[in-house]
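Worth knowing before you read on, the calculation uses all heavy atoms, side chains too, and leaves out hydrogens, waters and symmetry mates.
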Amino acid sequence: MGTLRGAASQWRPCSLLGALRARGARFRPSRRPEGDVAERGAMSAIFNFQSLLTVILLLICTCAYIRSLAPSLLDKNKTGLLGIFWKCARIGERKSPYVAVCCVVMAFSILFVQ
């Protein structure tokens, strides 16, 4: 989708917005703040793939570290919604060389590519 330009404000619709408009949904866009972030097209970590990977890597590393300090915190919640943290800790423990390589690659990407 292209950028829509108005006299007073500028906004960029996301793909979800386009899908909702195609179904006939009506709503008014909010104004974005002016400045550098608005020009780059600010996105949340859910819609930006690199940010999503960064959040997942940080979650895995944090859960593995917490489990190494206090295993009883994560071991008592192996199922349910809090079981996600136990699973992330397990991934961090068993796949630690791969997680470490991913962290180094992500750090290089964030520092030097962006």
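- When the side chains of ILVMFWY residues are joined at heavy-atom separations under 4.5 Å, either directly or via intervening members, V101 and I56 end up in two distinct hydrophobic clusters.
- Residues N77 and W86 form no side-chain contact, since every pair of their non-hydrogen atoms from C-beta on lies 4.5 Å or further apart.
- Connection of I91 to L69 is not established within any shared hydrophobic cluster, with ILVMFWY side chains joined at heavy-atom distances below 4.5 Å, either directly or through further cluster members.
- Among residues at least two apart or in separate chains, side chain to side chain donor-acceptor pair (under 3.5 Å) pairs with a member in residues 58-68 are R67-D75, R67-E93.
- Of the candidates C103, S96, C102, C61 forms a side chain to side chain contact (heavy atoms under 4.5 Å, CB included) with just one, namely C103.
- Criterion: ILVMFWY side-chain heavy atoms under 4.5 Å apart, direct or through other members. Under it, I60 and V105 are not part of a common hydrophobic cluster.
- No path of Ile, Leu, Val, Met, Phe, Trp and Tyr side chains, each step under 4.5 Å between heavy atoms, connects I84 with V55, placing them in separate hydrophobic clusters.
- Scanning both residues, A89 and L74, for their nearest heavy atoms gives CB-CD1, 3.8 Å.
- Taking CG of L53 as the reference point, atom CG of L57 lies at 6.5 Å (rounded to 0.5 Å).
- Using a 4.5 Å cut-off on side-chain heavy atoms (C-beta onward), F85 and L59 make contact.
- Residues M106 and Q50 have side chains in contact (heavy-atom distance under 4.5 Å, counting atoms from C-beta outward).
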